[in-house]
Amino acid sequence: MRDAPTPATHSRASVRATRFVPALAPAATNGHADEPPATRTGDQVAGSTNAQDPDSSRRAAARPPRARVYENSQRSRQAAATRERILTTATQLVHDLPNWDWRSLTVRAVARQAGVNESTVYRHFATERNLHDAVLRRLETEAGVELASMRLETIGHTISQTFAYLSRFPIEARPVHDPTFAALDQRRRDALRAAVNQAAEDWPDDEREMATAALDAYWSVPTFERMVTTWNLDPTAAADAATWVIGLIETAIRAGHRPPRHANAPGSATPPPD
């Protein structure tokens, strides 16, 4: 049989028990020992009208501060304005480049012209290629050319739109540095012009020149090389393709089918509509 605890020992046990009383106290606040403790939400404490919706306080806490939303929106608008200024500047630079030569359309040149740092350009366009792609899409929009929806019957109209748009860019003659090749090119063009003039004597000079230029376009080394290297045609197929198109032009000339003229084209006999 153990001795009763001494007053000092009893006192220490009472202190330990007292420390745990506050943690257990909420269980007895309902007046019933077997009921769970009542939970009071923040809305109930504050007397809010949302006392019956315990999720409302969580939704309110999840909403970002209004000031931050405004700040993010303002930054987005500023970033969009900067990107647009860079893209517009690059597009304007292209309009001044001769012969569609984009080698000088660099990030450094665009940044200098737009009045921003090069790092700012790279922030909106990760590479110079990305910048060029964005400029080209802008130019396609300006030209009104939609390649994705092009059909056979719209190819002519699409080409006409493209060339009309390209006419707004500076075009410079590409010099032929070798006099031998320059003389050969001149003799070839003179021969084409004489053949067309003989077959279409009653045509206006500008229409005969158009037909001659069309024939010249398919009797040229760059056209032949493009069909072989870009379209992967073998040389015989490339020659057959060029001869086929030239045959169609020859047939049109002999049948008196003149090149179509736009109403507002220089030298057109049809006046432009009012």
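For residues 143-156, no residue pair satisfies the salt bridge (charged side-chain N to carboxylate O under 4.0 Å, His left out) rule, not counting sequence neighbours. Listed by first and then second residue, the ring pair (Phe, Tyr, Trp, His ring centres under 6.0 Å) pairs involving residues 78-106 are H95-F169, W100-W102, W100-F169, W102-H132 (not counting sequence neighbours). Residues in residues 191-247 take part in no ring pair (Phe, Tyr, Trp, His ring centres under 6.0 Å) pair, two or more places apart or across chains. Each salt bridge (charged side-chain N to carboxylate O under 4.0 Å, His left out) pair with one or both residues in residues 107-124, not counting sequence neighbours, appears once here: R108-E118. Legend: ring pair (Phe, Tyr, Trp, His ring centres under 6.0 Å) pairs involving residues 172-200, not counting sequence neighbours: none detected. Evaluation of the salt bridge (charged side-chain N to carboxylate O under 4.0 Å, His left out) test over residues 178-201, restricted to residues two or more places apart or in two chains, returns D185-R188, D185-R189, R188-D216, D190-R193, R193-E209. Residue pairs meeting the salt bridge (charged side-chain N to carboxylate O under 4.0 Å, His left out) criterion with at least one partner in residues 224-251, sequence neighbours excluded, are E250-R254.
Listed by chain and number, the residues in a side chain to side chain donor-acceptor pair (under 3.5 Å) with D202 amount to none (sequence neighbours excluded). Residues passing the side chain to side chain donor-acceptor pair (under 3.5 Å) test with T251: none are found, sequence neighbours excluded. Not counting sequence neighbours, S104 has no partner by the side chain to side chain donor-acceptor pair (under 3.5 Å) test. Judged as a side chain to side chain donor-acceptor pair (under 3.5 Å), and not counting sequence neighbours, the contacts of T88 are E84.
Taking a 4.5 Å side-chain heavy-atom cut-off between Ile, Leu, Val, Met, Phe, Trp and Tyr, the cluster of V221 contains only that residue.
The shortest side-chain heavy-atom distance between T127 and N130 falls under the 4.5 Å cut-off. When side chains are defined from C-beta on, Y122 counts as touching V107, because their heavy atoms get closer than 4.5 Å. Using a 4.5 Å heavy-atom cutoff, the side chains of R138 and V94 are not in contact.
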Verdict with reasoning, S73 to R77, per side-chain hydrogen bond (donor to acceptor under 3.5 Å, both in side chains): CA-CA 6 Å; S73 178; R77 288 194 298 269; 2.9 Å; yes
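Follow the hydrophobic side-chain contacts under 4.5 Å out from L215 and you never reach M210; the two are in separate clusters. Residue L87 is grouped with residue Y165 when hydrophobic side chains (ILVMFWY) are merged at heavy-atom distances under 4.5 angstrom, including chains of intermediate members. Cluster annotation: L93 is connected to L166 through the hydrophobic network of ILVMFWY side chains, with a link wherever side-chain heavy atoms come within less than 4.5 Å.
For the pairing with I86, the side chain to side chain contact (heavy atoms under 4.5 Å, CB included) check across T91, V135, V110 returns one residue only, V110.
Of all the heavy atoms in I249 and A211, the pair that sits closest is CG2-O, 4.4 Å. Of all heavy-atom pairs between E207 and P259, the closest is O-CG, 3.9 Å.
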